[in-house]
Each structure stands twice: as structure tokens, then as C-alpha cells.
Amino acid sequence: MARIELKNIVKKYGDGFPAVNDVSLDIADGEFVILVGPSGCGKSTLLRMIVGLEDITDGELLIDGKRVNDLAPRDRDLAMVFQNYALYPHLTVRENIEFPLKLNHSKVPEDEVRQRVQRAADMLELGEHLDRKPANLSGGQRQRVAMGRAIVRDAKAFLFDEPLSNLDAKLRGQMRTEIARMQRSLATTTVYVTHDQTEAMTLGDRVAVLRKGVLQQVASPRELYEQPVNLFVAGFIGSPPMNFLPARVRGDRLELPFCEVPRPAVVSGEHDGKLLIVGVRPEHFDDADVTDVPGEAVTFDAQVDVTEWLGNELYAYVPFEAAAETKQQLAELDRELDGESMRSQLVVTLDAMSSVRDGDSARLWFDPRRMHVFDPGSGANLTRDEERARRIAEQSEALRRRSLERAQAQQQEQVPA
Amino acid sequence: MGALSTKEKTLWYIGALLIVLYALVPVAWIISLSLKSEADLSNRSFLPTNVTWENYEGIFSGTASDLFLPALRNSVITCLLATLIAVVLSMFAAYAIARLNFPGKRLILTSALAVAVFPVITMVTPLFNLWRQIGLYDTIPGLIIPYLALTLPISIWTMSAFFREIPWDMEQAAQVDGATSWQAFRKVIVPLAAPGVFTTAIIAFFIAWNDFVFGISLTSTSDAQPVPAALSSFTGSSYFVQPTGAISAAAVIVTIPVVLLALVFQRRIVAGLTNGAVKG
């Protein structure tokens with residue numbers, strides 16, 4: 001139970017390169033916050049600074065209002081799950097889980113140790129494995145032992161460092177829900193580092209997107225998806241990623257590679273004649289032949305290159321020629337997002353009923369009100385609606401409190417029983 | 001390398017056999033000598049005409065026993081103490097070298113290596129003079145100290161290779177779990193490094209046990225003289241008889257613990273040596 005405040009945190013390594021630069025973040029008690037970003041963005045460094053394994057070069061770290069910059073990890077009372085689990089191979093599962101309780105400065109009576117280990121084991125369904133060694137466990141079981149070691153201690157907060165990246169896809173999905181359930185029922189402040197935007201979107205109350213050590217946006221998953229502040233966040237959140245198209249402003253129209261759309265009112269006339277970047281999510285396109293086209297939608301014909309049918313939906317890839325001016329910047333952005341696309345193409349998610357196949361010419365539509373317009377220079381989102389963003393934030397905060405209260409009420413009921 | 005042809009295989013076997021014979025014949029010879037009676041010693045045949053245990057009786061209860069038994073005791077005490085101290089010291093040194101970045105780290109490692117390749121004989125004369133002046137001559141501590149100089153460098157190298165293999169995360173996890181640095185070291189690192197500690201101990205013990213130069217130069221009486229040195233002061237039953245039989249018997253006896261250790265822990269020793277060689 002703790003509130004963690006990061007105030008202008010900076011991490012510089014020996015060569016003076018700031019791995020984390022001026023990050024401020026206020027994590028409320030019981031909140032589940034995700035630190036997300038492509039590799040090398042400083043998210044793990046930030047987590048390790050919170051737990052005390054890395055020194056803080058500059059700035060302040062407060063836990064429950066107390067400055068802990070110079071406290072050793074053991075005095076911060078935080079529990080961490082490492083990427084490789086860091087289980088003690090010479091100890092059994094039981095000994096691993098009770099390790100934090102058995103250290104003599106935290107005097108816990110013997111039968112309470114047993115009780116707590118049992119409770120953690122029940123929660124994570126580790127009961128039958130308690131006397132085995134970690135080497136004989138599967139990846140998922142090891143992961144659960146690592147979580148057991150973290151929850152047994154009633155620490156102030158849980159810190160996860162990419163805990164699921166060593167598991168296969170199916171197990172990852174299962175453990176993800178497991179972690180979400182555990183966090184809700186324990187209502188413990190949690191900071192979770194991942195590079196996987198799916199994990200970030202599904203687990204977090206709030207998600208902090210980092211880029212090269214700089215915080216880009218901290219918001220609920222919904223706000224990140226609907227109202228990203230810039231090109232980077234827009235490109236990072238969502239799968240398949242948002243399409244970025246060069247758009248030339250001509251009076252009150254925007255010229256896109258496939259069609260023309262009306263210029264959104266918030267994009268002022270001063271951009272006339274200039275090149276902007278328009279972002280449209282793949283799922284906001286659809287096939288005009290099999291779906292109803294709303295009145296405001298823009299329809300256009302496109303030559304489909306490749307299609308991928310997934311059962312519930314269909315991905316279609318439409319190549320286009322990007323203007324040279326934006327090509328450079330979009331390639332740069334793609335590299336930063338750990339991508340390596342060789343050609344500029346539009347990815348659209350169509351209705352599974354669509355009969356579009358490789359090489360077909362398709363009739364597609366999208367609603368221009370759902371597109372984002374970015375400034376190619378600064379990357380800022382010109383169409384971000386602050387009012388709406390604020391409403392989403394309020395709403396998700398209310399939802400978080402509600403589910404937390406519900407979980408705690410459930411907990412209360414279970415205790416007497 | 002592909003599968004060997006029959007001809008190549010045969011050649012390999014012959015080569016291996018030659019090397020094994022070359023290494024084992026002296027050992028077999030000593031065993032055979034130790035089983036010969038005094039009259040039989042120069043019978044110009046490899047095997048004794050009559051197998052006799054009189055040489056062994058001689059060193060354990062006969063004339064040579066007051067020389068051999070104290071020497072055996074000295075050897076055991078000196079080597080065990082030297083090993084223990086070397087292992088404990090090198091454990092801390094190696095841990096620091098593997099884990100911490102401090103100025104002079106390279107210097108420590110290179111000087112350890114330099115000491116290891118330093119010719120032992122050059123240290124003997126100064127030590128002899130020094131030890132006589134400060135009263136360490138012919139004492140057990142007077143032997144342990146130079147043995148540490150022999151065993152510490154290789155112990156530090158071997159052990160730091162083992163420590164480097166233990167993931168950092170283990171220790172950090174322990175610290176986050178609430179352990180002090182000392183607890184993390186004792187409860188997590190040492191158990192994980194146990195095989196390395198063990199290997200180092202065995203290697204250090206061998207080095208001390210097999211030493212002759214320090215033993216012969218820095219001791220003179222049965223107060224501190226180890227077995228290899230004591231062997232050289234054995235005498236025959238008369239002035240004209242060489243103590244060959246007794247020396248052979250004693251040599252066989254002191255070889256037994258080494259051979260046993262080597263056989264029981266051969267895999268670990270090889271692992272330890274290659275660890276030090278490749279990773280160090």
C-alpha cells in the first residue's frame with residue numbers, strides 16, 4: 001500500500017548519456033501503472049531506480065511522501081519480479097517463497113510463515129510443487145514462484161520487469177489475466193515494465209509511454225488509443241499499428257495518397273500548401289461492399305497487394321508511394337518503434353466477410369472524424385481533443401476506483417469466512 | 001572432425017597407451033620398490049622376488065616412524081590450514097573482483113598472475129633468512145604463509161571465474177527481498193558457488209601437499225617438517241644401505257590421498273581448471 005512519486009528523475013551513465021531524462025510520474029495507492037516503450041527507452045532503468053538497484057542521478061523518489069533516493073533496496077520494502085525470475089536454484093519452491101520472510105530482520109513467527117506461504121501457494125496454484133526445485137519446473141510455474149516470492153511479503157508495491165517475455169504466447173495470455181486478477185484482489189500498487197503494447201493496454205490503469213528516456217504520455221489505455229499526444233505514441237499503441245499517410249493541405253481539403261478528405265477545423269489555415277501526416281488506425285477502415293458506409297465516410301478504390309484472413313477479420317495490405325519529404329521521417333519513426341518495414345503501405349482491417357483477396361481492387365471507406373493529423377516537424381497531434389481526453393481520464397479513474405472498492409469488499413467478505 | 005577410420009583409431013589408442021605407460025611406470029615402480037625387501041632392492045627386475053611389507057612396517061612402527069609420523073601430521077595440518085585460509089581469502093577477493101568495479105582491480109588480477117608464474121626458488125633464500133630472524137623458521141605458520149603465496153593466485157582466478165557465472169539478478173533479487181549484502185552473499189551466492197569453492201579447495205590442497213622446496217628449506221626438525229621433506233632425511237639401516245624401500249613406502253602413502261581426491265572429484269577439478277583457463 002503505497003503511493004510512489006517520481007519527481008524529475010534523471011539517470012546518467014558514466015558517458016553522460018541520459019538513459020532516463022526528467023521523468024515525473026505520480027503513482028496512486030493501489031494503482032497499476034505500466035511503463036512501456038521500445039527497447040532502450042529507459043523503462044527498465046526507471047524501474048530499477050524505483051526499487052533501488054540503480055542510483056538516481058538527479059530528481060526525487062518518494063514512497064508514501066518519504067524521500068527514498070538513498071535507501072538500500074532492502075529498506076524500501078518493495079517486491080520485484082525479474083525478467084528471468086531470479087529464483088534461487090539451490091532452494092525448493094517453498095524455501096524460495098519464504099526466503100524474504102526468513103531473513104532475520106523481518107521477524108515473522110514460524111507458523112505465520114507457513115500460513116503465508118500456503119496462502120501464496122494457493123493463490124498461484126503452486127501447492128503440489130512446494131517441495132520441488134526450480135530447475136524441475138516449467139516456465140509458467142517458475143514465473144508463478146517468482147510472483148509468490150513477491151506477494152508473500154505484503155510489500156508496499158510490486159514491481160514487474162517484463163515478467164512474461166520468457167513465456168510462449170498462450171501462457172503469456174493466461175499469466176496476464178492472472179497478474180491482473182492478483183493485483184485487483186490484493187489492491188497493491190504495481191509498476192510493470194513491458195515492451196509489449198498488448199500487455200500495456202490490457203493490464204494498466206494508466207500507461208506511461210517512454211521514448212529515449214523521455215516520458216511521452218501518461219494516460220489510461222483508452223486515452224492513449226483515442227487521443228495520443230504525438231506521432232510516437234500513436235504509432236506505438238495499437239496492433240496492427242496506425243497507418244501514417246502524407247497529406248497535402250489544399251484550402252479546406254487534405255490530399256491523401258488515395259483520396260481527399262475535408263480539413264478538420266482544428267487544423268488551421270496556416271498549414272495551407274504544407275505537408276502534414278495523417279494517422280488512421282487499420283480498424284477504422286472497412287470494405288464498402290460488405291458493410292454499411294456511414295454518411296460522413298470517405299470512400300476510395302485501392303489496389304490490394306496481400307491479404308491475411310484470420311477468421312474474425314481480414315488484414316489487407318495496400319502499397320502506396322509516399323512523398324519524399326515525409327518518407328524519411330516515417331522511416332525514422334518506424335526504426336524507433338523497433339519496426340523494419342521495407343515499403344510504405346496501408347494496413348487495413350476489414351470485415352471477415354469481405355471477399356477481397358490478393359491482387360483485387362477493393363472499395364474501402366473510413367470516417368475522417370476518426371483520423372489524427374500530426375505536424376511532421378514536432379510530431380504533435382493537431383487533432384487531439386483535450387476536453388475529451390480529460391473526460392476519458394476521469395472516467396477511467398472512476399472505473400479504477402470502483403473495481404478496487406469491489407475487490408476490497410470481496411476481500412473483506414472472505415476474511416471472516 | 002568426422003568419424004575416425006579404423007587405422008586412425010588404432011593409432012590414437014597406441015598413442016594414448018604410450019602416454020599412460022609413460023606416466024604410470026614410475027608410480028608402478030615405486031609401488032614395486034616399496035614391496036621389496038632390502039636385499040631385493042637391486043635385483044635388477046621390476047617385480048620383487050618376495051612381496052614384503054617390512055618397509056611399511058618400518059615407516060609406521062619401525063625405525064623411520066619417529067620421522068615419518070610427525071611429518072605426516074605436519075603435512076596434514078599445514079595443508080588443511082593453508083587450504084582453508086586460501087579458500088576463505090580467495091572467496092572474498094574473487095567475489096569483489098567478479099562483482100565490484102574498483103580502481104586497481106586489474107592490478108590485483110595481474111599481480112596474482114605474476115605471483116603465480118614467479119619462480120618459487122627465488123623466494124626461498126630471502127624467506128629462509130627472514131624466517132630465522134623473526135622466529136618463523138621450522139614452525140607450521142612459517143610453512144603456511146609461503147603456501148598461501150602459492151595457492152592464493154590460482155584460487156582467486158578459479159573462484160572469480162565461478163562467481164562470474166552466477167547471474168547478478170540472483171543477488172539483486174535477494175537484496176530486494178530484504179537481505180543485507182552479507183545475507184545475500186551467505187545465503188545465495190556461497191551456496192551457488194559451492195562447486196567452485198570445492199574445486200578451489202582441492203586444487204589448493206594439491207599444491208600445498210606436493211610442495212617440496214619450501215618444506216626442505218624452511219624446516220629442519222619434526223616440529224614442522226612435511227612428508228616430502230622428511231623423506232629426504234630418511235636413513236638406511238646402516239650407513240651403507242640406501243633407505244630406498246622406506247622412501248618408496250612413504251611416497252606411496254602420501255600419494256594415496258591425492259589419488260583418491262583426484263579420482264573422486266576428477267570431473268569437478270577439470271571443470272575448475274577449464275573455468276579458470278577460459279573465463280579467467
Side-chain angles (χ1 to χ4, degrees), chain A residues 13-14 44 47-48 50-54 71-92 95-108 133-135 142 145-163 166, chain B residues 87-88 91-92 94-107 158-202 265 267-268 271-272 275 279:
Chain A
Y13 284 112
S44 281
L47 190 79
R48 296 168 67 83
I50 296 176
V51 79
L53 296 172
E54 295 271 0
L71 282 190
R74 67 171 182 281
D75 299 321
R76 297 193 189 187
D77 196 18
L78 306 171
M80 179 157 166
V81 175
F82 289 75
Q83 185 171 7
N84 58 9
Y85 317 140
L87 301 178
Y88 311 122
H90 58 296
L91 302 178
T92 62
E95 289 166 331
N96 260 287
I97 296 178
E98 68 190 9
F99 183 86
L101 300 176
K102 287 265 173 130
L103 296 164
N104 46 17
H105 61 90
S106 58
K107 280 272 178 233
V108 185
K133 287 274 174 73
R142 282 181 212 178
V145 177
M147 293 212 309
R149 195 173 61 185
I151 64 175
V152 78
R153 197 152 54 98
D154 291 336
K156 282 183 182 161
F158 296 149
L159 307 175
F160 291 88
D161 189 3
E162 306 215 14
N166 286 343
Chain B
V87 166
V88 171
M91 191 158 74
F92 291 130
Y95 179 72
I97 285 166
R99 282 290 184 255
L100 307 175
N101 262 320
F102 54 90
K105 179 168 145 177
R106 286 200 66 83
L107 190 73
T158 321
M159 208 97 94
S160 62
F162 269 100
F163 277 134
R164 245 172 256 154
E165 302 257 297
I166 300 172
W168 235 140
D169 278 356
M170 289 292 152
E171 208 183 342
Q172 295 182 335
Q175 281 180 21
V176 174
D177 281 344
T180 59
S181 297
W182 172 243
Q183 281 177 320
F185 179 70
R186 195 165 49 89
K187 297 199 170 190
V188 177
I189 301 301
V190 173
L192 288 179
V197 174
F198 216 67
T199 313
T200 314
I202 292 168
F265 300 111
R267 281 175 124 186
R268 286 209 165 142
N275 255 351
K279 296 278 168 61

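So that the names make sense, note that chain A is the first sequence line, chain B the second, and so on, each numbered from 1.
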Look at the side chain of A:His90 and the backbone N and O of B:Lys187, then say whether any donor-acceptor pair between them is shorter than 3.5 Å.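 Yes, because the side chain of A:His90 sits within donor-acceptor range (under 3.5 Å) of the backbone of B:Lys187.
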At their closest point, which heavy atom of A:Tyr88 faces which heavy atom of B:Ala173, and how far apart are they?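 Nearest heavy atoms, A:Tyr88 then B:Ala173: OH-C, 3.4 Å.
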Which heavy atom in B:Gly178 sits nearest to a heavy atom in A:Leu103, and how many Å separate them?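 What the structure gives for the nearest pair is C-CD1, 3.5 Å.
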Which bit of [X] is near chain B, if near means a heavy-atom gap under 4.5 Å: side chain, backbone, both or neither?
X: A:Phe82; value: side chain
X: A:Leu159; value: neither
X: A:Arg48; value: side chain

Under the salt bridge (charged side-chain N to carboxylate O under 4.0 Å, His left out) test, residues paired with A:Arg149 that sit two or more places apart: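 Result, salt bridge (charged side-chain N to carboxylate O under 4.0 Å, His left out) vs A:Arg149: B:Asp177.
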Gap between atom OH of A:Tyr85 and atom CE of B:Met170 - 0.5 Å precision: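 That separation rounds to 12.5 Å.
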Taking the side chain as every heavy atom from C-beta outward, state whether A:Met80 and B:Gln172 have any pair of such atoms under 4.5 Å apart.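 They are not in contact (no side-chain heavy atoms under 4.5 Å apart), so the answer is no.
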